[in-house]
Amino acid sequence: MSVSSVADGNWSVGATWSTGQVPSCGQDIVISHIVTANVTSSNGNVTINSGGNLIAANAVTVSGTFTITGTGIYTHSNAGDASTTIFAGAESLSSTSSMVFNQWYNLNVPLGSLVGSTFGDITFNVAGTWQQDGYFAPAKVLGNIVISAGTVVMDDGTGMTTSLTLQDVTINGTGNLTVCSGANRNLTLTTNDFTDNGSSATMTTIMSSCTGILNWTALGNVTLNDDFNLITSSGSPASVTMAVSGNLDITGGDIDFLESTNAPFTLTVTGRTSITGNP
């Protein structure tokens with residue numbers, strides 16, 4: 001028998017659940033409210049529906065299938081080993097679902113290495129440098145990415161990513177992004193809107209210390225308001241291109257399209273190009 005949430009509340013409170021009791025070990029769980037896992041739990045299947053947000057302040061173990069339907073939200077706020085807890089079973093994540101990561105147990109373990117599903121929206125809010133080793137390539141993230149803290153490295157050469165498609169990318173707070181670094185290779189990057197409003201001392205960089213042809217197509221607007229490198233310390237690749245289908249707005253930060261790199265560079269902006277403020 002499955003146990004469903006009937007109200008917002010803590011996992012440890014009987015009134016949160018359809019049975020009036022805290023779920024027993026191994027039961028299937030259905031969440032359609034804001035439920036905070038204030039205790040650890042071991043479950044069969046766990047489903048989060050639209051309107052639901054499972055805030056895992058303590059580890060929630062899933063031995064069956066972890067499912068997020070519609071616009072359901074999972075908030076990961078514990079340092080438990082995700083490979084043996086929330087992602088111990090199978091996963092099925094809606095393209096409109098959201099996952100928020102406020103902690104992670106080992107920044108050398110990529111999120112994608114533990115999840116056998118495509119992703120919806122992902123918010124990274126974890127201090128430190130989190131290696132993703134190419135697991136999001138070529139197009140595993142169907143929703144938007146927000147980086148609010150820490151550095152997310154899409155591929156340091158471990159996965160040898162040459163093609164990556166993302167949707168909207170937003171960088172704010174102390175977050176920053178490195179898309180490609182490490183072993184020499186070409187990269188074709190496709191995004192929708194790309195917005196860098198971060199305040200980190202570390203630059204967001206598309207290609208770093210990796211010699212290869214870089215082609216970035218932004219199928220939307222690009223807004224740069226923080227330190228940003230398109231390509232840096234990457235030798236002499238045959239070409240570097242950046243094509244913006246919408247507007248390019250540069251409003252702040254230290255902006256280098258080619259830094260310590262010798263290459264022909266083509267920048268095409270279909271919409272408006274605007275440089276304001278003090279970049």
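Under 3.5 Å, the side chains of N102 and N125 contain a donor-acceptor pair of N or O atoms. A donor atom on one side chain and an acceptor atom on the other are found under 3.5 Å apart for N176 and T151. In summary, the side chains of Q167 and N144 do not present any donor paired with an acceptor at a separation below 3.5 Å, with no hydrogens or angles considered.
I145 has its side chain within reach of F124: a pair of non-hydrogen atoms, C-beta onward, lies under 4.5 Å apart.
Partner of T241 under the side-chain hydrogen bond (donor to acceptor under 3.5 Å, both in side chains) criterion, out of T188, N215, T266: N215 alone. Exactly one residue among F194, F265, F257 makes a ring pair (Phe, Tyr, Trp, His ring centres under 6.0 Å) with W216. That residue is F194.
At least one donor-acceptor pair under 3.5 Å links the side chain of S18 to the backbone N or O of S4. Between the side chain of T16 and the main chain of V13, a donor-acceptor pair closer than 3.5 Å is present. The backbone N or O of P110 sits nowhere less than 3.5 Å from a side-chain atom of D133 that would complete a donor-acceptor pair. Between the side chain of W17 and the backbone N or O of A7 there is no donor-acceptor pair closer than 3.5 Å. In this structure, the side chain of D226 does not engage the main chain of N197 through any donor-acceptor pair within 3.5 Å. Judged by distance alone, with hydrogens and angles left aside, the side-chain atoms of N221 form a donor-acceptor pair with the main-chain N or O of N247 at under 3.5 Å. In this structure a side-chain-to-backbone donor-acceptor pair under 3.5 Å is present from T19 to Q21. Counting only distance, with no hydrogens or angles, the side chain of D121 and the backbone of G143 share no donor-acceptor pair below 3.5 Å. Side-chain atoms of S234 come within 3.5 Å of backbone atoms of T232 as a donor-acceptor pair (strictly under, hydrogens ignored). Checking side-chain atoms of N38 against main-chain N and O of S12 turns up a donor-acceptor pair under 3.5 Å.
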Applying side-chain hydrogen bond (donor to acceptor under 3.5 Å, both in side chains), run through N49 and T69 and close with a yes or a no.
CA-CA 5 Å; N49 293 324; T69 70; 2.9 Å; yes

I would like to know whether T251 and N225 meet side-chain hydrogen bond (donor to acceptor under 3.5 Å, both in side chains); could you show each step before the answer?
CA-CA 5 Å; T251 57; N225 190 43; 2.8 Å; yes

Verdict with supporting geometry, Y105 and S83, side-chain contact (heavy atoms from CB on, under 4.5 Å)
CA-CA 10 Å; Y105 72 107; S83 69; 3.8 Å; yes

Check the pair T67, T65 against side-chain hydrogen bond (donor to acceptor under 3.5 Å, both in side chains), reporting the backbone distance first and the verdict last.
CA-CA 6 Å; T67 302; T65 300; 5.5 Å; no

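Partners of D28 according to the salt bridge (charged side-chain N to carboxylate O under 4.0 Å, His left out) rule, which considers only residues two or more places apart in sequence or in another chain, do not exist here. Legend: residues meeting side-chain contact (heavy atoms from CB on, under 4.5 Å) with T211, ordered by chain and number and at least two apart, are N184, P237.
Between the CG atom of D168 and the OG1 atom of T195 there is a distance of 7.5 Å, given to the nearest 0.5 Å.
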